[in-house]
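Source: prediction; values computed, not measured. Numbers restart at 1 for each chain; the letters A, B, ... are given by sequence-line order, proteins then strands.
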Amino acid sequence: MIVIRTPGRLSVRLQPRVLAVGTVCLLLTLAVGVLAVGHGEYPMSPTDVLRTLTGGGSPAEEFIVTQLRLPRLATGLAVGTALGLAGAVFQSLVRNPLGSPDVLGFTQGSATGALVVVAVGGGSAVLAGAAALGGIVTGLLIYLIAWRRGVHGYRLVLVGIGVSAILTGVNGYLMTRVPLMSASRAMLWLTGSLDGRGWSDAVPLLAALAVLMPALLACAPALRMTELGDDAASGLGVRVQRTRMLLLAGAVLLVALSAAAAGPVPFVALTAPHLARRLTRSPGVTLLPAAVIGALITVLADQVALRALPGQLPVGVVTGVIGGGYLVWLLATERRAGRL
Amino acid sequence: MSTSRLGGSGLRLAYDRRVVAEDLTVAVPDRSFTVIIGPNACGKSTLLRALSRLLKPTVGAVLLDGADIRRLPARAVARTLGLLPQSPTAPDGIGVAELVARGRYPHQGLLRQWSPDDERIVAESMAATGVDDLGDRLVDELSGGQRQRVWLAMALAQQTPLLLLDEPTTYLDIAHQIEVLDLCARLHEEQGRTLVAVLHDLNHAARYATHLIAMRDGRVVAAGEPRRIVTAELVEEVFGLPCRVIEDPETGTPLVVPAARARVGTVAR
């Protein structure tokens, strides 16, 4: 443990391993990002990309980078960050390693919102808005149903699974009601894709991250205390129910807005926190490393989808394979037994 | 009459509509080792929950230093009043020193994460509970008695003048029960802390408490020094157990010996 102290009684505690993992993953993410911007019909070398990003490119390069390729990368980074962060919050809140937006029903809620728009017709902005709204309403609904002298992890999971089952049924029904052309649009949305994303897709989520990420990180110490149990956390001076409500609201917003930006990219929210915990070897929740790893998985998966596989697959097809595969490998090779 | 920083009068304690205690009045004497006893479902744990601000009385208020404990800022309460609940959860893979350090939470802030005081107090708390040589071990790997000492160390690191313990000896074997209670008594004597514990075992309560609160059906039947209040009549009234009360040969405190099963006649020759 490294402690940095100032003469004015300020002190910051850092775990060297957390710092190292976070830095390495951040650098990897940036490297993948530069390669991603260089990839396309007009290939650019990493030096060209960096030169253009710092303002030294030709007008054509400038246009290609900032208007065509950067928005896609920014959307991917924002979606991955949001999902990694929200996933870590969910897993800690429900004290269950399976607590993710896919299991708790928020993803299905976003899908319902999107499918309704597909069914009645509407542009991509309306669809994004409906997806965000669907996720938020579902989150609120689950919270209200699960409330009983406060919200507790186990009830939240069960209510979430119930609501998610209902919504899966509703979504199936909606799919049968839409015309074939719309159904394929819906399917593509449901897989999660970064194709053709522009700044208008990335900006709302980036803005939300700018506000919510510091807010969630500020709640992280209190969240860590709730892992000792509600009573013990209260005894330490945590206002358990208020903390839980704020964290849940922030995480639901991030998931809903990332669904609006790229559709429900699966598995990032589940895998990133696990990878973060294992790589940092820290007990309990690690929000920031989970966010960085979420971003890395997402942009990496998008690159693999674009380059390594034939037929320009949407990113959602690959996140599961990469993230899940790495998680399974890590679990299989982990030496220390008994740690989930 | 000693002073009291923690207590309440005319409290009604209830879960939803189920009333556990009505018009309950308690005062925890300063610098006492107060033990609350009573049969199952008598409301002793509920009382401890109310005293630790986990449960809001539906009538009346628990007062901490004269102020309604529910209206005080949570962190300020946590710097005065510590709580060790019955079954806290240790996060997977957490180390002993790290868990004890969490007791410093109410004294820390976003920019004051680990002061020299924090470091010193965590070390002292671990030494006081005899877990200083376990610092790098994982909590999951410890025995029940060791684990309870680690949790006590965490509660001590909170550095509160008042400390509430909900059945701290449950799930421990007799040797570890005594070990934990001896430790509590030492903390009470040496550090001058006020301790409030819910205990199941009447003889442990009579031996270690300086102030005993006996409850039945949500009422306080008797409160005071064990030597004064623990009588065969009280035990009969509170637990419905016929018994004799003799002097503990080790400590001179009251010792409750349950009456033998009544014999039905004598064996005929």
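With rounding to the nearest 0.5 angstrom, the CG atom of B:Leu156 is 6.5 Å from the CG atom of B:Leu163.
Judged by distance alone, with hydrogens and angles left aside, the side-chain atoms of A:Ser11 form no donor-acceptor pair with the main-chain N or O of A:Ile4 at under 3.5 Å. Checked by atom type and distance alone, the side chain of B:Arg104 never pairs as donor or acceptor with a backbone atom of B:Gln113 at under 3.5 Å. When atom types are taken as modelled, the side chain of B:Gln148 and the backbone of B:Pro168 share a donor-acceptor pair closer than 3.5 angstrom. Between the side chain of B:His211 and the main chain of B:Phe33, no donor-acceptor pair closer than 3.5 Å is present. Using modelled atom types, one side-chain atom of B:Ser4 and one backbone atom of B:Val28 make a donor-acceptor pair closer than 3.5 Å. B:Arg149 contributes a side-chain N or O that, together with a main-chain N or O of B:Gly130, makes up a donor-acceptor pair within less than 3.5 Å.
Within the 4.5 angstrom heavy-atom criterion, only side-chain atoms of B:Arg49, from C-beta onward, approach chain A. With a 4.5 angstrom heavy-atom cutoff, A:Val12 touches chain B via backbone and side-chain atoms both. Only the side chain of B:Leu54 comes within less than 4.5 Å of a heavy atom in chain A; its backbone stays farther off. Residue A:Arg13 touches chain B through both its backbone and its side chain, counting heavy-atom pairs closer than 4.5 Å. Proximity to chain B (any heavy atom under 4.5 Å) is shown, for A:Ala222, by both the backbone and the side chain.
For a heavy-atom cut-off of 4.5 Å, chain B lies close to A:Arg239 in residues 239-251 of chain A. Of all residues in residues 55-88 of chain B, those placing a non-hydrogen atom less than 4.5 angstrom from a non-hydrogen atom of chain A are B:Ala74, B:Arg75, B:Ala78, B:Leu81, B:Leu83, B:Pro85, B:Pro88. For residues 11-19 of chain B, the interface with chain A (any heavy-atom pair closer than 4.5 Å) comprises B:Tyr15, B:Asp16, sorted by residue number.
A side-chain donor from one of B:Gln108 and B:Asp118 sits under 3.5 Å from a side-chain acceptor of the other.
Taking the charged nitrogens against the carboxylate oxygens, B:Arg31 and B:Glu189 have no contact shorter than 4.0 Å, which rules out a salt bridge. With respect to B:Arg147 and B:Asp140, no salt bridge is recorded, no charged nitrogen being found less than 4.0 Å from a carboxylate O.
Using a 30° and 60° split on the angle between ring planes, B:Tyr208 and B:His204 fall in the perpendicular class, above 60°. Relative ring orientation between A:Phe90 and A:Phe106 is described as parallel, the plane-to-plane angle staying below 30° on a 0-90° scale split at 30° and 60°.
Screening A:Leu296, A:Thr81, A:Leu83, A:Ile293 for a side chain to side chain contact (heavy atoms under 4.5 Å, CB included) with A:Val268, the sole residue that qualifies is A:Leu83.
Sorted by first then second residue, the side-chain hydrogen bond (donor to acceptor under 3.5 Å, both in side chains) pairs that include residues 204-227 of chain A, not counting sequence neighbours, are A:Ser92-A:Glu227.
The candidate with the highest count of non-hydrogen atom pairs below 4.5 Å against chain A, out of B:Ser115, B:Gly109, B:Ser52, is B:Ser115.
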* Asked: Does the side-chain contact (heavy atoms from CB on, under 4.5 Å) test come out yes or no for B:Thr194 and B:Leu6, once each step is laid out?
  -> CA-CA 10 Å; B:Thr194 307; B:Leu6 180 69; over 6 Å; no

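Summarising the local packing, CG of B:Asp136 is surrounded by 12 or fewer heavy atoms from other residues, nucleotides or ligands at distances under 6.0 Å.
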